[in-house]
Amino acid sequence: MGDQQCQERSYLSLKIYPPHSFSQKALIDTQQKYKALYKESIDNPELFWGKVAQEIDWFKPWEKTSNGELIHPQWFCGGSLNVSYNCLDRHLKGNRKSKRALVWEGENGESLTYSYEELTKEVCITANVLKKHGVGKSDTVVIYMPLIPQAIITMLACARIGAIHNVVFAGFSSKSLLERILDSGARLIVTADGGFRRGKIIPLKTRVDEAASLSNQIKKVLVFKRTGSAVQMIEGRDYWMEKERAGVEEFCDPAVLDSEQPLFILYTSGTTGKPKGIVHSSGGYLVQTAFSTKMIFDLKEEDLYWCTADIGWITGHSYVVYGPLANGASIFIYEGAPDFPSFDRFWQLIEKYKITIFYTSPTAIRAFIKWGLQWIANHDLSSLRLLGSVGEPINPEVWMWFYRHVGKEKCPIVDTWWQTETGSILISPLPGATPMKPGSATFPFFGISPEVVDEQGNPLPPGRNGFLVIKGPWPSMFRGIYKDENNYKKIYFSRIPGVYFTGDGAYKDEEGYFWITGRIDDVINVSGHRIGSAEVENALVSHPAVAEAAVVGIPDPYKGEALIAFITLKEGYLASTELVQVLKDHVVKEIGSLARPQEIRFLDTLPKTRSGKIVRRLLKEVSLQGRITGDTTTLEDSQFIDKIGKI
Ligand code: WTA
């Protein structure tokens, strides 16, 4: 056993208690209190969530807390509210009018601050511009923007008028953008002329033009100015936001919306070749994101909270925008990458703005470790009081590094497990109460009943790895896959009836701590981003040289997992390093740079079952060990095993 493995093992039995100074001021300050409230939440979920829901403002109270269903759940039935009102207007009544709502720094060092009053005004103006362009309740609006305040303003503007936003991450290609536009039925896109990334300009508007040229569904494009780069504007379709806002009213009445009104659709990769449009509600989503933000980040009035996620992902929706703003918190956002112009960019920002809560991903932390301590050493990080991690399993030694060198052993770390579908965090420590174990997401959040089960749904004893499932419904649970009822039921509720199937593997230890081991389906987690094998395979096969493709993920010290593609070529094409490059670029063009395979390997044939399914499991084994040990009895071409040895 190597040194590192030895160290990993020893971390597994380590327990780190929340610092006394933190617990003293925390909302939940002991494990006993957590346990008591947790029991209450599980014994009587209706009563529990009914109480929690009173923390947000309702225009009309709900009649029934929930319909009790796991499939097609409904929460706070009959109630009406407005999410943007809860994130903005209600804070103006108290003493948060001039409180900082949003602090932003651009990659080029520009900075902007919006008070709650200013943010409300901006959201109202943008909502009125949307209305002027014909957007109404339940219309879908695609948002394809860099991480600038206007992106968040546009999300809230949609929420204000009951439009459904569909944010597409700015790293996606025009083809991925088009796919998401078409599936969600959007006719209007909000974008920017570009965004800055590592000193270069991301040509967002040009990508929108490419997407729009392939479909006549897109009728209008509203463009914010960010980079000042030259862009083409098509008369009657494209409008500068700066011009459009002139002359519109500065107030917009928040629409009175049913609790179940969809707030947004967010696409995420799954096992099918097509991304799934995950639909979230208004009432249930807001109640739980607001409550979990308050409890898990132990929010205080003076905090400046920085979650480094982009708004193109669920973490950006729930824990950059809706959860913190519903609590009247001050949020910080940064447009650029952590390594530009130098490796200490994040530490500079924490020092300059006196960030108190820092929520990031294991991939980012692994990069910090690689760059070295010298980049942290000269920065004063003493403003930090709480750290968080999300998106992938965090290795214990990475956890320890974060704890020691960023938190200086004074900040608890909340390792938060959840998914796009769950809407909010389901398993996490409570920072003032939970004894932490590096690498474990620890215990379920209030109202959540996870279990580790076998193929038949039987609970497994401690230490045994199995499927992570959730037994009962919760308010922020997704309401469906947009226009895909079949896959909604099949993927999440069929394999093990009666529970929500997460697609993750996990085990519980003797003390009931949950340890998430990663995806058990054909979803690959690269740098905390979900990528479906089938999507990358489709992209590869769309190239004229490729006959068949199989994509697997293998552990990577920096990215969590890396993509390895196995392909067979069509007649007349020969394997070459040039072709490898061409194919990698092709995948970037089809999906976006986040899906670029790390390696492409050529084979004469791919391993398939007798029913024609590619056995990715075997390819993964080969990538990992260079040999095959798994069960191969259902393979169609057993000679494959001989051939693969020669790759
Ligand atoms: C993984 C991101 C281990 C997991 C919020 C899940 C994690 C997928 C953790 C969802 C964590 C997320 N520990 N694994 N703390 N958090 N994951 O939908 O595999 O982008 O199923 O949501 O990320 O990714 P998604």
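We count ligands from 1, going down the list as the structure has it; atoms in each ligand are counted the same way.
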Any heavy atom of A441 under 4.0 Å from ligand 1? The part involved is neither

Ring centre gap for W371 and F346 strictly below 6.0 Å: no

Ligand 1 to Q419 polar contact by distance, N or O atoms, under 3.5 Å: yes

At a 4.0 Å threshold, what atoms of ligand 1 neighbour a non-hydrogen atom of T315? 5 (C)

Polar proximity ligand 1 side, T416 side, N/O cut 3.5 Å exclusive: yes

If we ignore hydrogens and angles and just use 3.5 Å, is the side chain of H317 paired with the main-chain N or O of I311 as donor and acceptor? yes

Any N/O pair T268/ligand 1 closer than 3.5 Å: no

Which is it for I394 and ligand 1 at heavy atoms under 4.0 Å: side chain, backbone, both or neither? neither

Close-contact set for ligand 1 against I516 heavy atoms, below 4.0 Å: 3 (C), 14 (N)

Consider only side-chain N and O atoms of S318 and Y285, and report whether a donor and an acceptor are under 3.5 Å apart. yes

Could you tell me whether some N/O pair between D415 and ligand 1 is separated by less than 3.5 angstrom? yes

Apply the test side-chain hydrogen bond (donor to acceptor under 3.5 Å, both in side chains) to residues T356 and D303: give CA-CA distance (whole Å), side-chain angles for both, the deciding distance (0.1 Å), then the verdict. CA-CA 6 Å; T356 60; D303 275 319; 2.6 Å; yes

Can W418 be said to touch ligand 1, with heavy atoms closer than 4.0 Å? yes

Does the N or O separation between T502 and ligand 1 drop below 3.5 Å for any pair? no

Which residue and heavy atom of the protein sit nearest atom 13 (N) of ligand 1, plus the separation: E392 O, 3.3 Å

If you measure every N/O of G391 against every N/O of ligand 1, is any gap under 3.5 Å? yes

For residues Y359 and T416, is any side-chain donor paired with an opposing acceptor at under 3.5 Å? yes

Please list the nearest protein heavy atom to atom 4 (C) of ligand 1 with its residue and the distance rounded to 0.1 Å. D504 OD2, 2.9 Å

Value rounded to 0.5 Å, distance of OG in S623 from CD1 in I564: 5.5 Å

In this structure, is the centre-to-centre distance between the rings of F493 and Y488 below 6.0 Å? yes

Would you please say whether a donor-acceptor pair under 3.5 Å links the side chains of E260 and H72? no

Which ligand 1 atoms does N525 reach within 4.0 Å, using its non-hydrogen atoms? 1 (C), 23 (O)

Could you name the option among H529, E421, R519 that has the heavy atom nearest to atom 21 (O) of ligand 1? R519

Check step by step if side-chain hydrogen bond (donor to acceptor under 3.5 Å, both in side chains) holds for T293 and Y322. CA-CA 9 Å; T293 307; Y322 292 113; over 6 Å; no

Report yes or no: does S527 contribute a side-chain atom to a donor-acceptor pair with the main-chain N or O of T363 at less than 3.5 Å? no

Tell me which part of T420 gets within contact of ligand 1: side chain, backbone, both or neither, using heavy atoms under 4.0 Å. both

Counting only heavy atoms, which portion of R530 has something under 4.0 Å from ligand 1: side chain, backbone, both, or neither? side chain

Using a 3.5 Å distance criterion without hydrogens, assess whether the side chain of Y144 forms a donor-acceptor pair with backbone atoms of S174. no

Would you mind checking which non-hydrogen protein atom is closest to atom 3 (C) of ligand 1, with the distance to 0.1 Å? P393 N, 3.1 Å

